[in-house]
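Naming: A, B, ... by sequence-line order, numbering from 1 per chain. None of these values were measured; they are calculated from a predicted model.
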Amino acid sequence: MPELPEVEVVKESLSRTITGKKIKKVSIKNRNLRYKIKKGFETRLQSKSIKKVKRFSKYIILALNDEKFCLIHLGMSGTIHLLRKNILNQKTNASFYHSPYLPKKHNHVFLEFDNIKIIYNDPRRFGYFKLFENKNNLENFINNYGPEPFSSKFNLNYLKKYFYKKKKNIKNFLLDQKFVSGLGNIYASEILFSSKINPKKKAKSLSENDCINIIKYSRKILNLAIKKGGSSIRDFKNIVGKNGSFQDNFKVYNRENKSCLSPGCKGTIKKKFITNRSTFFCNICQK
DNA sequence: AAGAGGCCCTGATAGC
DNA sequence: TGCTATCAGGGCCTCT
């Protein structure tokens, strides 16, 4: 589900609500996510506080006060929910946690703070939690991935060198996290549409101008999507259950058989499967 | 070594 | 109503 913009939205709201707070209790209902959550997980988080909430690519990173890190990946269907404590009676201290948006099923991981709980929900369980012992280990993990589109490392020279003699199509490169990290199936289609590049075009045959457009529109589209609170096509919600609205700005994704929105273009949006992922494009203006 | 494809999992929807 | 098939925003692993 979530690509960089959606994860950024989650990270921002988490940052506002749990930074500086102490984890009072950790409980897990289902440890079998993409990777099994190890036995000591709860005790290693317990009574640590959140120094900072960060994001790299599609990963949320909780920096803890013991200089360790907890990485969260939302996979395809992961969401994080924030529950606030409602005090019913000041005298008896009676209280309850409530969120009208919290799904009934698939709530797997619970982190409790003072008056706040966050809950990790993930029907398909493609997401995971991972602990890093120190900054070095975390950096080694991150160094396995390509730069984010926003990074200065994602520049014309990098693209030209990377694409040299590469037969793979450009759509697959945009999804390849070792080349560029943070893009997913929606934004790959959108970026190629704005860049006027056919998704099946081989990387080695891209012009310099194509590369410049890819860099430019990756940044532009991701930034706009973040501003709009991400895209919600099925089930993406931020931590208080609100949908994003960037889906209203999609030019190609989910627009099969609709007319091309490029000014002056009479084309129709096509849907094709490229290595098993649905891909949307205009076969007239995307060359 | 690059590139294609299978697979992990549940839920929503379409078609019969 | 209930079956089956297909598809969904990700990414790792295996095979050629």
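Here the NZ-OG distance, from A/Lys220 to A/Ser194, works out to 7.5 Å after rounding to the nearest 0.5 Å.
Checking A/Asn185 against A/Lys171 by side-chain atom types alone, a donor-acceptor pair falls below 3.5 Å.
Distances shorter than 4.0 Å separate some side-chain N or O of A/Lys105 from OP1 or OP2 on B/dG11. OP1 or OP2 of C/dT6 has not a single side-chain nitrogen or oxygen of A/Ser278 nearer than 4.0 Å.
Nearest nucleotide to the A/Glu3 side chain, out of C/dC7, C/dG9, C/dG11: C/dG9. Checked against C/dG10, B/dG11, C/dG11, the side chain of A/Arg277 finds its nearest nucleotide in C/dG10. The nucleotide whose nearest atom lies closest to any side-chain atom of A/His106 is, among C/dC12, B/dG5, B/dG11, B/dG11. Picking from B/dA4, C/dG10, C/dC12 the nucleotide with the shortest atom distance to the side chain of A/Asn172 gives B/dA4. Side-chain atoms of A/Phe173 lie closest to B/dG3 of the nucleotides B/dG3, B/dG5, C/dA8. Nearest to the side-chain atoms of A/Met76 among the listed nucleotides C/dC7, B/dG11, C/dG9 stands C/dG9. The side chain of A/Arg34 sits closest to C/dG11 out of C/dC7, C/dG11, B/dA4. Listed nucleotides: B/dG6, B/dC8, B/dG11. Nearest to the side chain of A/Asn276: B/dG6. Among the nucleotides C/dG9, C/dC12, C/dG11, the one closest to the side chain of A/Ile233 is C/dG9. Residue A/Arg125 has its side chain nearest to B/dC9 when only B/dC9, C/dA8, C/dG10 are considered.
Within 4.0 Å (heavy atoms only), A/Phe250 reaches no atom of the nucleic acid at all. Across all strands, A/Lys271 comes closer than 4.0 Å only to sugar-phosphate atoms, never to a base (heavy-atom distances). A/Phe246 comes within 4.0 angstrom of nothing in the nucleic acid, heavy atoms only. Within 4.0 Å (heavy atoms only), A/Tyr128 reaches no atom of the nucleic acid at all. Within 4.0 Å (heavy atoms only), A/Tyr253 reaches sugar-phosphate atoms of the nucleic acid but no base atom.
Note: A/His73 and A/Tyr59 have tilted aromatic rings, judged against thresholds of 30 and 60 degrees for the angle between ring planes. Taking the six-membered ring where tryptophan is involved, the planes of A/Tyr120 and A/His108 are tilted, since the angle between them lies from 30° to 60°.
Nucleotides C/dG9 and B/dG3 are separated by 23 Å at their C1' atoms, to the nearest Å. Straight-line distance between the P atoms of B/dA1 and C/dG11: roughly 24 Å, to the nearest whole Å. C/dC3 and B/dC9: their P atoms are spaced 23 Å apart (whole Å).
In this structure, A/Leu222 and A/Glu8 have side chains that are not in contact, with every pair of non-hydrogen atoms separated by 4.5 Å or more. Residues A/Arg55 and A/Leu4 form a side-chain contact, since some pair of their non-hydrogen atoms from C-beta on lies under 4.5 Å apart.
Rounding to whole angstrom units, NE2 of residue A/His73 and C1' of B/dC9 are separated by 15 Å. Look at NZ on A/Lys168: it is 13 Å from P on B/dG5, rounded to the nearest Å. At whole-Å resolution of the value, CG in A/Asp122 and P in B/dG11 are 11 Å apart. For the pair A/Tyr145 OH and C/dG11 P, the computed distance is 7 Å after rounding to whole Å. Across the protein-nucleic acid pair, A/Asn243 atom CG and C/dG9 atom P stand 17 Å apart, rounded to whole Å. Note: NZ (A/Lys58) to P (C/dC12) measures 10 Å, nearest angstrom. Residue A/Tyr187 contributes atom OH, which lies 12 Å from atom P of C/dG9 at whole-angstrom precision. If you measure from atom NZ of A/Lys130 to atom C1' of C/dG10, you get 17 Å, rounded to the nearest angstrom.
Between the base of B/dC9 and the side chain of A/Arg124 there is a donor-acceptor pair shorter than 3.5 Å.
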Could you please spell out the steps behind the ring-ring contact (aromatic ring centres under 6.0 Å, His included) verdict for A/Tyr158 and A/Phe179? CA-CA 9 Å; A/Tyr158 175 74; A/Phe179 164 61; 5.7 Å; yes

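Paired runs in DNA chain B that reach 3 or more consecutive Watson-Crick or G-U pairs, where each pair keeps both distances under 3.5 Å, cover B:2-8 with C:10-16, B:10-16 with C:2-8.
Here the rule is side chain to side chain donor-acceptor pair (under 3.5 Å) with A/Asp114, and of A/Lys21, A/Lys24, A/Lys22, A/Lys85 only A/Lys24 fits it.
The cationic group of A/Lys166 lies under 6.0 Å from the six-membered ring centre of A/Tyr162 and within 45° of the ring axis, placing it in a cation-pi geometry.
Toward the 5′ end of DNA chain B lies the nearest nucleotide of A/Lys166, the other residue of the pair A/Lys166 and A/Phe126 mapping further downstream.
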